[in-house]
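I have placed the structure first, in the form of structure tokens, so that the comments after it can refer back to it.
Position 1 is the first residue of the sequence; numbering continues from there. Please read these numbers as outputs of a predicted model, since none were measured by experiment.
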Amino acid sequence: MVDQLIRATAANGGIRAVGVITTRLTDEARKRHNLSYVATAALGRTMTGGLLLASSMKRPGSRVTIKVNGNGPLGSILVDAGLDGKVRGYVHHPHVELPPNDKGKLDVGGAVGQEGYLYVVRDVGYGYPYSTTVELVSGEIGEDLTHYLATSEQTPSALILGVFVDADGVQAAGGLLLQVLPKAAEDESLVSALESRFSQLSGFTPLLRANKTLPEIFQDLLGDFDLHIFPETQMVQFSCPCSVNRVLGALKLLGQTELQDMIENDEGAEATCEFCQEIYQVNSDQLAELIEDLKTNTGS
């Protein structure tokens, strides 16, 4: 199945549901960053969570930045996801590997660490971005983002994220977000029924590996709650806006002296994008042009 995101409502608009498949984009990140199994799972879950959070934003150009800073060996995780379905991210120590946890699964919580902080920044495209910081609950990402939603939006939410990766790469990845909106939150029987069904899920990737589609997953969970699936299917992808021009702009900030030193001692410069690992080579002539631009701007 292709990477995609779909939205739905249920209970006469009282429940908001979003599902996303991120198998290919997670594998793209795995290849670009040469990730270990556990790092693939951690970054894949965080990118999936970022897309689910961004899906509720309204203004074109809106983005969500998630930083997970735990005390585990994986170090920090940084993800940037947009309402447009584009996401990118990286892990500070991409090659860390751990034995499976006591459930026989990838030990994402152990790799991330159970102590630390989750930072979420929402940029709605105008004004100052809205930032929230919460303590990590488990380091498993899904539980931590659920805690963030309860703390920040104070909306009953259920979030499940999953990545299944083996020697051949990422075989399944994605997630599901259910939110009970205020007009339905007072219906205790509805909330209880949803909690019961959600708790019975053994995970999200087993559903994908059983060839369940997102509409079928929604139907199983919410089919008897006046489910309405929106017809629009949004494609999602790993995408980074880095470019040679952006690299030149960054180098220009170093100033004339540093640029001249690069020309004389290194005969150019090399820059690597942390988000996508794209390598950019800048030659001496390009650096000299930057110096001339700086001189011109200084003179004017």
TODO: Quick one: closest heavy-atom pair of V236 and L5, and the distance?
DONE: CG1-CB, 4.0 Å
Task: ILVMFWY network linking L78 to V134, side-chain heavy atoms under 4.5 angstrom - done: no
Task: Minimum side-chain heavy-atom gap V121-Y119 below 4.5 Å - done: no
- [ ] Go through the steps to decide whether L51 and V18 satisfy the test side chain to side chain contact (heavy atoms under 4.5 Å, CB included), and finish with yes or no.
- [x] CA-CA 10 Å; L51 288 169; V18 186; over 6 Å; no
TODO: First locate atom CG of L145, then atom CD1 of I66, and finally report the distance between them rounded to the nearest 0.5 Å.
DONE: 5.0 Å
Open item on the list: With a 6.0 Å cut-off (strictly less than), is the heavy-atom count around CZ of F230, excluding the residue itself, greater than 12?
Closed with: yes
- [ ] Any chance you could lay out the side chain to side chain contact (heavy atoms under 4.5 Å, CB included) test for V79 and V87, step after step, and finish with the verdict?
- [x] CA-CA 7 Å; V79 161; V87 64; 3.9 Å; yes
Task: Pair listing, side chain to side chain donor-acceptor pair (under 3.5 Å) test, anchored in residues 258-271, at least two apart - done: Q260-E264, D261-N265, E270-Q281
- [ ] Look at the rings of F275 and Y90 and say which category their plane angle falls in: under 30° parallel, 30 to 60° tilted, over 60° perpendicular.
- [x] perpendicular
- [ ] For T22 and T48, test the side chains for any donor-to-acceptor distance below 3.5 angstrom and give the result as yes or no.
- [x] yes
Task: Side chains of Y130 and V124 in contact at under 4.5 Å (non-hydrogen atoms) - done: no
Open item on the list: Minimum heavy-atom separation for L52 and V20, please, with both atom names.
Closed with: CD2-CG1, 3.7 Å
Open item on the list: Taking Q237's backbone N and O only, do any of them form a donor-acceptor pair with E28's side chain (distance below 3.5 Å, no angle check)?
Closed with: no
Task: Side-chain touch V180/L194, heavy atoms, less than 4.5 angstrom - done: yes
Open item on the list: Given L227, which partner from the list L221, T9, I15, L222 fulfils the side-chain contact (heavy atoms from CB on, under 4.5 Å) test?
Closed with: L222
- [ ] Carefully, step by step, assess L43 and T26 under the rule side chain to side chain contact (heavy atoms under 4.5 Å, CB included).
- [x] CA-CA 8 Å; L43 182 57; T26 300; over 6 Å; no
Task: Same apolar cluster (I L V M F W Y, side chains within < 4.5 Å links), L83/I6 - done: no
- [ ] Assess whether atom CD of E216 is packed by more than 12 heavy atoms of other residues, nucleotides or ligands within 6.0 Å.
- [x] yes
Task: Sidechain-backbone polar pair: S196 side chain, S192 backbone, donor-acceptor under 3.5 Å - done: no
Open item on the list: Is it the case that atom NZ in K252 sees more than 12 heavy atoms from other parts of the structure closer than 6.0 Å?
Closed with: yes
Open item on the list: Check whether T205 reaches the backbone of V163 with its side chain - one donor and one acceptor, N or O, closer than 3.5 Å.
Closed with: no
Open item on the list: Quick check against the 3.5 Å criterion: does R88 have a side-chain atom that pairs as donor or acceptor with the backbone of C240?
Closed with: no
Open item on the list: Looking at V137, is its backbone amide N or carbonyl O close enough to the side chain of Q114 to form a donor-acceptor pair, meaning the two atoms are under 3.5 Å apart?
Closed with: no
Open item on the list: Taking atom CZ as the centre, does R24 end up with more than 12 heavy-atom neighbours from other residues, nucleotides or ligands that are less than 6.0 angstrom away?
Closed with: no
Task: Exercise: identify the closest heavy-atom pair between F218 and G19 - done: CZ-N, 3.4 Å
Open item on the list: Please report the interatomic distance CE(M235) to CD(Q4), rounded to the nearest 0.5 Å.
Closed with: 5.0 Å
Open item on the list: Show the nearest heavy-atom pair for residues L53 and Y148, with the distance to one decimal.
Closed with: CD1-CE2, 4.0 Å
Task: OG1-CD1 distance between T272 and I279, expressed to the nearest 0.5 angstrom - done: 4.5 Å
- [ ] Check whether any side-chain heavy atom of K67 lies under 4.5 Å from a side-chain heavy atom of L118, and answer yes or no.
- [x] no
- [ ] Nearest 0.5 Å please: distance from the OG1 atom of T46 over to the CD1 atom of I141.
- [x] 3.5 Å
Open item on the list: Could you check whether any side-chain heavy atom of F204 comes within less than 4.5 Å of a side-chain heavy atom of L161, counting everything from C-beta outward?
Closed with: no
Task: Any side-chain heavy-atom pair of Y128 and D123 under 4.5 Å - done: no
Open item on the list: Run the side chain to side chain contact (heavy atoms under 4.5 Å, CB included) test against A42 and tell me which residues pass, sequence neighbours left out.
Closed with: L74, I77, V108, V112
Open item on the list: Rounded to the nearest 0.5 Å, what separates atom NZ in K86 from atom CE in M47?
Closed with: 15.5 Å
Task: Contact summary for L106 and A41, nearest pair of heavy atoms - done: CD1-CB, 3.8 Å
Open item on the list: Using the rule given for side chain to side chain contact (heavy atoms under 4.5 Å, CB included), can you reason through I263 versus I291, listing the C-alpha separation, both sets of side-chain angles and the distance that settles it, and then say yes or no?
Closed with: CA-CA 10 Å; I263 293 174; I291 293 175; 3.8 Å; yes
Open item on the list: Would the distance check show the side chain of D144 and the main-chain N or O of E140 forming a donor-acceptor pair, the cut-off being under 3.5 Å?
Closed with: yes
Task: Side-chain donor or acceptor of Y37 paired with backbone N/O of F164 under 3.5 Å - done: no
- [ ] Rounded to the nearest 0.5 Å, what's the gap from CD on E278 to CZ on R32? Could you check?
- [x] 6.0 Å
Open item on the list: Starting from I229, can I reach F198 by hopping between I/L/V/M/F/W/Y residues whose side chains sit under 4.5 Å apart?
Closed with: yes
- [ ] With the side chain counted from C-beta on, respond yes when Y117 and L136 share a heavy-atom pair under 4.5 Å apart, and no when they do not.
- [x] no
Task: Heavy-atom donor-acceptor pair, D226 side chain to A11 backbone, under 3.5 Å - done: no
- [ ] Check whether any side-chain N or O of S152 sits under 3.5 Å from a backbone N or O of L149 as a donor-acceptor pair, and report yes or no.
- [x] no
Task: Within 6.0 Å of NE2 in H92, more than 12 heavy atoms from elsewhere - done: no
Open item on the list: Closer than 3.5 angstrom, by distance alone: can the side chain of S62 be matched with the main-chain N or O of R59 as a donor-acceptor pair?
Closed with: yes
Task: Distance-minimising heavy-atom pair for F238 and C276 - done: CE2-CB, 4.0 Å
Open item on the list: What I'd like to find out is whether the side chain of S56 reaches to under 4.5 Å of the side chain of R16, using heavy atoms alone.
Closed with: yes
Open item on the list: Can you confirm whether the side chains of T40 and R45 place a donor and an acceptor under 3.5 Å from each other?
Closed with: no
